[in-house]
Participant: 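I'd like to ask some things about the structure below.
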Amino acid sequence: MLLKKKGNTVYRGKIMEKEKKYEPSLIEEKWRRIWEEKKINYTDVNTTKKKYYCLDMFPYPSGSGLHVGHWRGYVLSDVWARYMRLQGYHVLHPMGWDSFGLPAENDAIKKGIHPKISTRNNIDNIRRQLKEIGAMYDWTKEINTSDPEYYKWTQWIFLQMFHKGLAYRAEMPINWCPNCKTGLANEEVINGNCERCGTSVTKKRLMQWMLKITAYAERLLNDLDRLDWPEKVKIMQKNWIGKSEGASIIFKIVNESCLDLEVFTTRADTLFGATYVVIAPEHPLIFKITTPEKIQEVKKYVEEATTKSELERTHLLHEKTGVFTGAYAINPVNGKKVPIWVADYVLAHYGSGAIMSVPAHDQRDFEFAKKFGLPVIEVIHSDNAIRNDDGSLAAAYEGPGILINSGQFNGIESEKAKYLITKWLEENKMGTFKTTYRLRDWVFSRQRYWGEPIPIVYCDKCGIVPVREKDLPVVLPDVESYKPTGTGKSPLAAIPEFVNTKCPQCSGHATRETDTMPQWAGSSWYFLRYPNPDLKTAAFDRKIVDRWLPVDCYIGGVEHAILHLLYARFFTKFLYDIGAIGFDEPFLKLFNQGMVTKFSEKTGKLEKMSKSKGNVVNPDPLVKKYGTDTVRLYELFIGPPELDSEWNDSGIEGCYRFLKKAWNFVIQQVEKNSETDIDSKKRLHLLIKRVTERINEFKLNTAISAFMEFMKDLPDNCCFSRQDIEKFIILISPFAPHFAEELWQEFLGHSDTVFNAKWPDVQQQIISEETITLPVQVDGKVRATVSVEKTANSEEILKKAIESVSKFIQGKDIVKKIYIPGKIISIVTQKK
RNA sequence: GCCGGAGUGGUGGAACUGGCAGACGCGCUGGACUCAAAAUCCAGUGGGCGCAAGUCCGUGAGGGUUCAAAUCCCUCCUCCGGCACCA
């Protein structure tokens, strides 16, 4: 019974005799408290029910808190997790903190607070904000990568890699960020700049711990096929791994016949056109082969090249430079003597750090040859080559063609010649088929304080010795000064109590490794820890992780497409190989939510929401005004979840109005206490069908539209039974959990949570129509619609259709009649 | 340069496998309620022409396939993201 009273819609329910309208502020906090008290989100990992692991990419606890952009992914995963729960799954939906690493540390330095304290404060703040979202996280499984009880096991995994030879030390020029004062992984350098602070990255030669991720290149590549991931991410990983099949060819060095110069090429077919050889400035043979009269010049060039920044070398200076070493090599296929040059367009870390140069068929070599007057010999003929008036090549021809100037291989098609020439080299022991990868080993050392200490000691007698497993964790010491030194050593090196230790093997004097691990270490296996976060005896319980993993659905931003996802796959495969787990891919399904953008006054463009762009929208005032459920709805309604969406505050009103209407609808219908009429039954089941389908397809924006349409189209006199109203509440509960719970328990009087209810089934026979309405087109234009019995045959239907458009076909001949069952009728006419 | 994604009213966005373009929301206009406002409710809302019934045009541009194209094909433009001297 509806009463008008002071402008408010009120109801008299069975349970209470007081007036009530939709007031989120009165219900949301209450339910969050009750859910926590009753532990309804606690996941018993020992359950025998079918499981579902729905994981968010865990955040790093920055000081600036969450904005509406962060909400989007969390709301999305929560709707999905709640939906799967209502589908009868036992859902694990955990949350934790990626709290080691540069962002946390830089933030701490900026504020002058110890990272340990600031991290704890930030975590407390973000946890509070996350709880406001109302997500069903099982907080008893919270983990924190900077907790010694956690990083003990990160160190343990490192030791396992060390034992298998996958963690090794190497002195090499690495990417160095002068601002963050630390080495960086290849993956952390974006366009020659530091991923974190944007500073131009330089090179620094340092002794580094490396992880041999390249040993897994082939598997990391192949197994992508098994994953239900966005194609975009798979392609990005594929490109990053960069598999390239070709040949390794040996060039003997003139007068140094014991020295072999190995080059890698994908164009063995052009071997006869190799007119010189180029080695990278970092090539190990460089000073062995350079002739005495050239040594000064080469030395100078190498020095210049190796101190250039990554940006200069790879992005800015495409003008070719190089010097002749004075040495010559022998082209194995024809015995020709060719000069050896040093040039920095050849990269030391790819292939063998040396190339054969074929200026006629490689544009880079062409430019170099032109600049230094080196010969160009065409060996692939094609009419598609671009030529000067005199017939010489105007640019390298890189396409396919027929071999010329190539001895016994003349006349062969280039693709075929690749194989034949490589085979010939192999038979003559001057080369092999070879596959190379762009992927490089992972630089695992950071010269910073806030990370996992690498559990290694250096003993004067025994050398490099791993810390015994029983002595883990190597605890990060509390220090006053944790600022980076910039010397290439971590701040830990300045703490004698930390550095000086005893050798685990001989008990003699030893010093600890003082570098720490990169931020990506802890996040490479955290998903394995959630099901058993408090386990003291191991990183994880194999029985439990094998039951709960792989993660069924992983939700997060696309910015981690390469870094985190590749590293996590690598760790998982390694743990599989050593028998620690029974699966070798961590994440079966990946969903990347789009960014939330907003116009930035600073840049004058639409930008991803971020503090630095000055375009963040704080959810707190919105929650205060409309309630969490409305904000949740709007986060989803704003656009397709996988695409970027522009935030606009004004749209949120629509979601609030909808919830108010839905609230009143439920109350009115329960008050009516009648049976569901046929029309309403049909509407409800159509809604169930649409919402279910759209959630399954992750089209949550249109799932919400379906609810709005349902509400909007209801006739005034519609009637729904209590049972059907319950279905409606269950249907909306993943989207607006507080709203649904209040109606379910408080208004309808259930004693258990709505999230233990069962997702409603569609009754197909209710929504199937006996008559259908079809549009009728004449010459491609819709001119009428006809209602026909579903069972009618096509002749009847066409007859009816033609009658309906008689006006439009008068004086014309019908040349074609098309009836697509259930879809459309199309009449084609011609003038008489 | 290469590889992805996108381009639809005033606006955010719908549209299954080629089958009534613009669902739903915002905004706007008009109306109801009110002393008045807010809130709420009802109606309208792509553009042109027309009093109207209507009718023509319309999914970044231009071509094509088809009875039928936002959707498929070709050429091109713009924006966003990734990679980029990887031999």
Side-chain angles (χ1 to χ4, degrees), chain A residues 4 7-9 190-192 230-236 238-240 242-244 246 263-267 270 278 313-315 317-320 343-347 349-358 361-365 367-368 398 436-440 558-559 561-562 594-595 597 605-608 633-634 637-640 642-655 657-658 660-661 664 693 697 699 701-712 773-785 815-818 820 822-829:
Chain A
K4 273 280 189 194
N8 290 339
T9 307
I190 311 293
N191 288 334
E231 214 45 43
K232 176 188 170 145
V233 175
K234 290 202 212 179
I235 289 168
M236 281 167 73
K238 243 172 227 176
N239 292 341
W240 189 261
K243 182 177 180 174
S244 173
V263 306
F264 174 75
T265 181
T266 55
R267 293 298 304 270
T270 63
V278 187
R313 220 173 127 174
T314 60
H315 292 271
L317 304 171
H318 279 222
E319 178 69 21
K320 299 283 178 291
D344 69 357
Y345 81 93
V346 173
L347 306 173
H349 43 69
Y350 185 74
S352 58
I355 60 157
M356 64 177 209
S357 247
V358 186
H361 305 293
D362 182 289
Q363 186 58 27
R364 296 157 298 181
D365 297 345
E367 285 163 19
F368 192 82
E398 296 180 333
T436 59
Y437 300 89
R438 208 190 76 115
L439 183 70
R440 292 188 242 165
V558 74
E559 64 272 18
I562 297 172
M595 303 181 300
T597 62
K605 288 193 292 187
L606 264 190
E607 298 271 10
K608 178 184 178 171
L633 234 54
Y634 186 58
F637 188 65
I638 188 169
E642 73 281 6
L643 297 183
D644 295 350
S645 301
E646 188 185 341
W647 185 270
N648 188 344
D649 272 349
S650 65
I652 200 168
E653 284 280 351
C655 291
R657 284 180 199 148
F658 161 73
K660 281 192 281 192
K661 277 184 240 177
N664 293 337
E693 281 172 359
E697 292 166 13
K699 292 183 176 174
N701 53 329
T702 58
I704 291 171
S705 306
F707 281 110
M708 290 176 170
E709 268 173 278
F710 171 82
M711 288 304 308
K712 191 178 175 176
T773 306
L774 295 172
V776 185
Q777 287 187 341
V778 178
D779 297 327
K781 292 203 167 65
V782 177
R783 296 300 188 184
T785 54
V815 291
K816 208 166 180 180
K817 294 179 275 191
I818 298 156
I820 308 294
K823 296 247 163 117
I824 203 162
I825 297 135
S826 188
I827 314 280
V828 187
T829 66

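Note that this is a predicted model, so its numbers are computed, not measured. First the proteins, then the strands, lettered A, B, ... as listed; each starts at 1. Hydrogens, waters and symmetry mates are skipped; everything else that's a heavy atom, side chains included, is used.
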Participant: Do any N or O atoms from the side chain of A:Glu398 and from the backbone of A:Gln363 form a donor-acceptor pair under 3.5 angstrom?
Facilitator: yes
Participant: Given B:rC24, B:rC56, B:rC41, which nucleotide is nearest the side-chain atoms of A:Lys661?
Facilitator: B:rC41
Participant: If B:rC72 has a Watson-Crick or G-U wobble mate with both distances under 3.5 Å, name it; if not, just say none.
Facilitator: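 B:rG64 is the nucleotide pairing with B:rC72.
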Participant: Does any nucleotide pair with B:rC79 by Watson-Crick or G-U wobble geometry, both distances under 3.5 Å, and what is it?
Facilitator: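 Paired with B:rG5.
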Participant: Atom CG of A:Asn664 to atom P of B:rA39: distance rounded to whole Å?
Facilitator: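 About 16 Å, once rounded to whole Å.
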Participant: Determine the Euclidean distance between corresponding P atoms of B:rG19 and B:rC72; express it in Å to zero decimal places.
Facilitator: 11 Å
Participant: Contact class for A:Gly351 vs. all strands (heavy atom < 4.0 Å): base, sugar-phosphate, or nothing?
Facilitator: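 Nothing: the residue A:Gly351, judged by heavy atoms under 4.0 Å, touches no strand.
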Participant: Once you round it to whole Å, what is the distance between P of B:rG82 and CZ of A:Arg438?
Facilitator: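 Whole-Å distance recorded here is 14 Å.
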Participant: With sugar-phosphate meaning primed atoms plus P, OP1 and OP2, does A:Ile355 contact a base, only sugar-phosphate, or nothing at under 4.0 Å between heavy atoms?
Facilitator: base
Participant: Which of the following nucleotides, B:rA39, B:rG12, B:rA84, is nearest to the side chain of A:Trp240?
Facilitator: B:rA84
Participant: I would like to know whether A:Met356 and A:Phe264 meet side chain to side chain contact (heavy atoms under 4.5 Å, CB included); could you show each step before the answer?
Facilitator: CA-CA 8 Å; A:Met356 64 177 209; A:Phe264 174 75; over 6 Å; no
Participant: Assign each of A:Arg783 and A:Thr702 to its nearest nucleotide of RNA chain B by heavy atoms, then name whichever residue's nucleotide is nearer the 5' end.
Facilitator: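 Counting from the 5' end, the first nearest nucleotide belongs to A:Thr702.
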Participant: Testing the basics here: between A:Ile638 and A:Ser645, what is the closest heavy-atom pair and its distance to 0.1 Å?
Facilitator: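 Minimum heavy-atom contact is CG1-CB, 3.8 Å.
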Participant: Can you check the distance between B:rA39 and B:rA61, where both ends of the measurement are the C1' atom (answer in whole Å)?
Facilitator: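 Between the two C1' atoms, the distance is 47 Å.
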Participant: Nearest to the side chain of A:Val346, which nucleotide is it out of B:rA39, B:rA23, B:rA87?
Facilitator: B:rA87
Participant: How is A:Lys817 classified with respect to the nucleic acid when contacts are heavy atoms under 4.0 Å: base, sugar-phosphate, or nothing?
Facilitator: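 No contact.
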Participant: Is a donor from one side chain sitting under 3.5 angstrom from an acceptor on the other, for A:Thr436 and A:Tyr350?
Facilitator: yes
Participant: In whole Å, measure the gap between the P atoms of B:rG5 and B:rG9 for me.
Facilitator: 22 Å
Participant: Can you tell me the distance, in whole Å, between the CG atom of A:Asp779 and the P atom of B:rU55?
Facilitator: 14 Å
Participant: Could you tell me whether A:Lys817 atom NZ has more than 12 heavy atoms of other residues or ligands within 6.0 Å of it?
Facilitator: no
Participant: Show your working on side chain to side chain contact (heavy atoms under 4.5 Å, CB included) between A:Tyr634 and A:Asn648 and close with a plain yes or no.
Facilitator: CA-CA 10 Å; A:Tyr634 186 58; A:Asn648 188 344; 4.0 Å; yes
Participant: Quantified in whole Å, what is the C1' atom distance between nucleotide B:rU17 and nucleotide B:rG13?
Facilitator: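 Rounded to whole Å, the distance is 23 Å.
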Participant: In whole Å, I'd like the distance from the NZ atom of A:Lys660 to the P atom of B:rA38.
Facilitator: 14 Å
Participant: Need the pair for B:rC20. Rule: Watson-Crick or G-U wobble, both distances under 3.5 Å, any strand; none if unpaired.
Facilitator: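 Its partner is none (no Watson-Crick or G-U wobble pair with both distances under 3.5 Å).
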Participant: My understanding is that a pair needs two contacts under 3.5 Å, Watson-Crick or G-U wobble. By that rule, which nucleotide pairs with B:rC28?
Facilitator: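 B:rC28 is paired with B:rG44.
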Participant: So which nucleotide does B:rU59 pair with, by the Watson-Crick or G-U wobble rule with both distances under 3.5 Å?
Facilitator: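 Base partner found: none.
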Participant: When rounded to the nearest Å, what value does the distance between P atoms of B:rA14 and B:rC2 take?
Facilitator: 30 Å
Participant: Does the ring pair (Phe, Tyr, Trp, His ring centres under 6.0 Å) test come out yes or no for A:Trp240 and A:Tyr437, once each step is laid out?
Facilitator: CA-CA 9 Å; A:Trp240 189 261; A:Tyr437 300 89; over 10 Å; no
Participant: On RNA chain B, compare the nucleotides closest to A:Asp644 and A:Ala706; which residue's is nearer the 5' end?
Facilitator: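 On the 5' side of the pair lies A:Asp644.
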Participant: Could you tell me whether the side chain of A:Lys320 has a donor or acceptor atom within less than 3.5 Å of a complementary atom in the base of B:rC85?
Facilitator: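 Under the 3.5 Å cut-off, the side chain and the base do form a donor-acceptor pair.
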Participant: Classify A:Asn701 by what it touches in the nucleic acid, base, sugar-phosphate, or nothing, heavy-atom distance under 4.0 Å.
Facilitator: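 Sugar-phosphate: the residue A:Asn701, judged by heavy atoms under 4.0 Å, touches backbone atoms but no base.
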Participant: Hey, could you give me the OH/OG distance between A:Tyr345 and A:Ser357, rounded to the nearest 0.5 Å?
Facilitator: 3.5 Å
Participant: Any idea if B:rG9 is syn or anti, going by the 90°-from-0 cut?
Facilitator: syn
Participant: Where the side chain of A:Met236 is concerned, which of B:rG13, B:rC83, B:rG82 is the nearest nucleotide?
Facilitator: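 Among the listed nucleotides, the one closest to the side chain of A:Met236 is B:rG82.
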Participant: Could you state the interatomic distance from CD1 (A:Ile562) to CE (A:Met236), rounded to the nearest 0.5 Å?
Facilitator: 4.5 Å
Participant: Which of the following nucleotides, B:rA23, B:rC67, B:rC26, is nearest to the side chain of A:Ser650?
Facilitator: B:rC26
Participant: Check the interface with nucleotides 1-11 of chain B: list each N/O to N/O pair with the protein under 3.5 Å, or write none.
Facilitator:
none

Participant: Under a 3.5 Å cut-off for both contacts, is B:rC49 paired Watson-Crick or G-U wobble with anything, and if yes, with which nucleotide?
Facilitator: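 Base partner found: B:rG54.
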Participant: Taking 4.0 Å as the cut-off, does a side-chain nitrogen or oxygen of A:Arg657 come that near to OP1 or OP2 on B:rG25?
Facilitator: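 Checking A:Arg657 against B:rG25: no side-chain N or O falls below 4.0 Å of OP1 or OP2.
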Participant: Looking just at side-chain N and O atoms, do A:Asp644 and A:Thr597 make a donor-acceptor pair shorter than 3.5 Å?
Facilitator: no
Participant: How many whole angstroms separate atom CD1 of A:Ile827 from atom P of B:rU66?
Facilitator: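 These atoms are roughly 20 Å apart.
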Participant: Please state the P separation for the pair B:rG12 and B:rG7 - nearest whole angstrom.
Facilitator: 12 Å
Participant: Do A:Val776 and A:Arg783 have side-chain heavy atoms sitting under 4.5 Å apart?
Facilitator: no
Participant: What integer number of Å spans the P atoms of B:rG58 and B:rA21?
Facilitator: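 That atom pair is separated by 13 Å.
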Participant: If I take atom CG in residue A:Leu439 and atom C1' in nucleotide B:rC83, what distance separates them, rounded to the nearest angstrom?
Facilitator: 14 Å
Participant: Could you state the CG-C1' distance from A:Asp649 to B:rG12, rounded to the nearest angstrom?
Facilitator: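 About 13 Å, once rounded to whole Å.
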Participant: Check nucleotides 16-22 of chain B against the protein and report each pair of N or O atoms closer than 3.5 Å, with its distance, or say if there are none.
Facilitator:
| from | atom 1 | to | atom 2 | distance (Å) |
| --- | --- | --- | --- | --- |
| B:rG19 | N2 | A:Gln777 | OE1 | 3.2 |

Participant: Please state the P separation for the pair B:rC28 and B:rC79 - nearest whole angstrom.
Facilitator: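 Comparing P positions in B:rC28 and B:rC79 gives a spacing of 32 Å.
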Participant: According to the interplanar angle, ranging from 0 to 90°, do the rings of A:Phe658 and A:Phe707 count as parallel (below 30°), tilted (30 to 60°) or perpendicular (above 60°)?
Facilitator: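 Taking A:Phe707 first and then A:Phe658, their aromatic rings sit tilted (interplane angle of 30° to 60°).
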Participant: With side chain to side chain contact (heavy atoms under 4.5 Å, CB included) as the criterion, how do A:Ile355 and A:Asp365 come out once you've worked through the C-alpha distance, each side chain's angles and the decisive distance to 0.1 Å?
Facilitator: CA-CA 10 Å; A:Ile355 60 157; A:Asp365 297 345; 3.6 Å; yes
Participant: Output the rounded distance in Å from CZ (A:Phe368) to C1' (B:rC85).
Facilitator: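 It is 12 Å, rounded to the nearest whole Å.
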